[in-house]
Amino acid sequence: MAYLLKEGDFMLFKATAQKTVVYPLLLLNTLLLIQAVQHKELAFLHLLAILCLFLSLFLRYEFQIDRDTLTYRIYILWFKVYAKTVKPRDIKRIVFKRLSWKSKLAVVKVENGWNMRIALFSPPNVFKELETFAHEYDVDIQKTADY
């Protein structure tokens with residue numbers, strides 16, 4: 001499905017943190033904090049871990065495909081904590097692979113900085129749109145055998 005986005009058009013994809021992983025870790029850390037009260041030096045580390053896990057419950061991710069850029073943003077609640085925008089010339093390649101038996105993953109390898117990891121975004125056509133973007137701008141694509 002080839003597309004040509006007009007000026008100002010974009011495709012926005014959204015994801016949130018996987019809470020099924022965070023809840024058990026938060027509970028475990030809370031139980032460990034009760035034990036750590038006996039050792040004051042460990043109590044601070046456990047409080048810090050609990051705070052980080054609690055904040056991760058409010059993580060939101062956005063991935064945007066514009067006409068000639070890819071933008072990745074991370075929010076905690078409504079505060080933007082990370083944003084990265086890349087042009088096709090800054091992309092080394094895009095690797096498509098499996099995250100699990102039912103989930104796909106795309107990693108946008110960039111020249112400078114952290115790579116963009118695209119997984120569990122909705123709507124699920126993000127991979128098709130990303131592949132179309134790569135073909136349109138002649139970005140190198142790598143697919144694993146199980147993709």
Side-chain angles (χ1 to χ4, degrees), residues 1-34 36 43-147:
M1 170 176 110
Y3 68 93
L4 287 173
L5 293 175
K6 296 185 287 287
E7 196 67 36
D9 289 346
F10 62 90
M11 306 242 2
L12 183 64
F13 303 93
K14 297 181 178 189
T16 59
Q18 290 186 338
K19 290 164 181 56
T20 56
V21 174
V22 175
Y23 285 135
L25 289 175
L26 193 57
L27 178 64
L28 178 65
N29 261 321
T30 305
L31 293 173
L32 288 174
L33 178 64
I34 294 168
F44 174 74
L45 292 175
H46 281 294
L47 277 174
L48 186 64
I50 288 170
L51 178 66
C52 289
L53 281 169
F54 181 73
L55 287 176
S56 71
L57 291 173
F58 303 103
L59 279 176
R60 288 186 305 119
Y61 305 91
E62 288 183 355
F63 179 64
Q64 183 173 322
I65 302 176
D66 285 310
R67 186 166 187 259
D68 62 346
T69 59
L70 299 177
T71 304
Y72 189 83
R73 294 182 209 95
I74 301 174
Y75 296 89
I76 295 179
L77 293 172
W78 56 87
F79 297 107
K80 188 185 326 179
V81 293
Y82 178 78
K84 180 171 190 139
T85 301
V86 294
K87 296 209 173 271
R89 67 176 176 270
D90 300 327
I91 300 172
K92 285 191 239 182
R93 69 182 166 281
I94 302 175
V95 180
F96 293 92
K97 52 187 172 182
R98 284 271 168 203
L99 180 63
S100 67
W101 65 275
K102 69 175 190 172
S103 301
K104 294 179 180 180
L105 166 72
V107 180
V108 179
K109 306 265 184 174
V110 296
E111 294 291 335
N112 297 319
W114 293 345
N115 298 328
M116 296 178 180
R117 192 171 185 270
I118 312 302
L120 305 173
F121 278 84
S122 61
N125 67 335
V126 63
F127 303 106
K128 187 182 291 184
E129 296 297 333
L130 190 56
E131 191 173 351
T132 303
F133 179 88
H135 286 303
E136 186 175 322
Y137 290 100
D138 200 29
V139 174
D140 193 27
I141 291 178
Q142 178 183 349
K143 290 185 180 180
T144 59
D146 60 346
Y147 179 74

**Study point:** Under 3.5 Å donor-acceptor, S103 side chain and L99 backbone
**Key:** no
**Study point:** D66 (side chain) donor-acceptor with F10 (main chain) under 3.5 angstrom
**Key:** no
Point to revise | Parallel, tilted or perpendicular: rings of F54 and F58 (30°, 60°) | key: perpendicular
Review point. How far apart are the closest heavy atoms of A15 and A119, and which atoms are they?
Key: CB-O, 4.4 Å
**Study point:** Separation between CG of D138 and CZ of R89, rounded to the nearest 0.5 Å
**Key:** 15.0 Å
Check your understanding: Any side-chain donor-acceptor pair under 3.5 Å between T85 and T69?
Key -> no
Practice item. Nearest 0.5 Å please: distance from the OH atom of Y72 over to the CD atom of Q64. Key: 14.0 Å
Review point. So, R93 side chain and V108 main chain: donor-acceptor pair closer than 3.5 Å or not?
Key: no
Practice item. For the pair Y147 and F96, name the ring-plane relationship: parallel under 30°, tilted 30 to 60°, perpendicular over 60°. Key: tilted
Point to revise | Non-neighbouring partners of K14 that pass side chain to side chain contact (heavy atoms under 4.5 Å, CB included), sequence neighbours left out | key: L12, E62
Practice item. Could you tell me whether D146 and K97 have a side-chain N and a carboxylate O separated by less than 4.0 Å? Key: no
Point to revise | Gap between atom CG of N115 and atom NZ of K84 - 0.5 Å precision | key: 7.5 Å
**Study point:** Test log, rule side-chain contact (heavy atoms from CB on, under 4.5 Å), inputs F13 and I118
**Key:** CA-CA 10 Å; F13 303 93; I118 312 302; over 6 Å; no
Study note, to complete from the structure: Here the gap from N125 atom CG to E131 atom CD, rounded to the nearest 0.5 Å, amounts to 12.0 Å
**Study point:** Pair F133-Y137, ring pair (Phe, Tyr, Trp, His ring centres under 6.0 Å): steps then yes or no
**Key:** CA-CA 6 Å; F133 179 88; Y137 290 100; 4.9 Å; yes
Revision key, fill the gap. Rounding to 0.5 Å, atoms CE (M11) and CG (L70) come to a distance of 12.5 Å
Exercise for review: Answer whether the closest heavy-atom distance between the side chains of V126 and F63 falls below 4.5 Å.
Suggested key: yes
Check your understanding: Does the ring pair (Phe, Tyr, Trp, His ring centres under 6.0 Å) test come out yes or no for W114 and Y82, once each step is laid out?
Key -> CA-CA 11 Å; W114 293 345; Y82 178 78; 5.6 Å; yes
Practice item. Please assess I76 against L59 for the test side-chain contact (heavy atoms from CB on, under 4.5 Å), listing each intermediate value before the final yes or no. Key: CA-CA 5 Å; I76 295 179; L59 279 176; 3.5 Å; yes
Point to revise | Minimum side-chain heavy-atom gap V86-M116 below 4.5 Å | key: yes
Review point. Just checking, any donor-acceptor pair under 3.5 angstrom between side chains of Q142 and D140?
Key: no
Check your understanding: Taking the inter-plane angle between the rings of Y61 and F121 on a 0 to 90° scale, is it parallel (under 30°), tilted (30 to 60°) or perpendicular (over 60°)?
Key -> perpendicular
Point to revise | Contact summary for A106 and F127, nearest pair of heavy atoms | key: N-CE2, 3.7 Å
Review point. Can you list the steps and then say if V95 with K109 is a side-chain contact (heavy atoms from CB on, under 4.5 Å)?
Key: CA-CA 8 Å; V95 180; K109 306 265 184 174; 4.0 Å; yes
Check your understanding: If you count the non-hydrogen atoms of other residues, nucleotides and ligands that lie under 6.0 Å from CZ in R117, is the total more than 12?
Key -> no
**Study point:** Intermediate values then yes/no, side-chain contact (heavy atoms from CB on, under 4.5 Å), L130 and I94
**Key:** CA-CA 9 Å; L130 190 56; I94 302 175; 4.1 Å; yes
Review point. So, for D68 and P88, which heavy atoms are closest and what is the spacing to 0.1 Å?
Key: O-CD, 3.1 Å
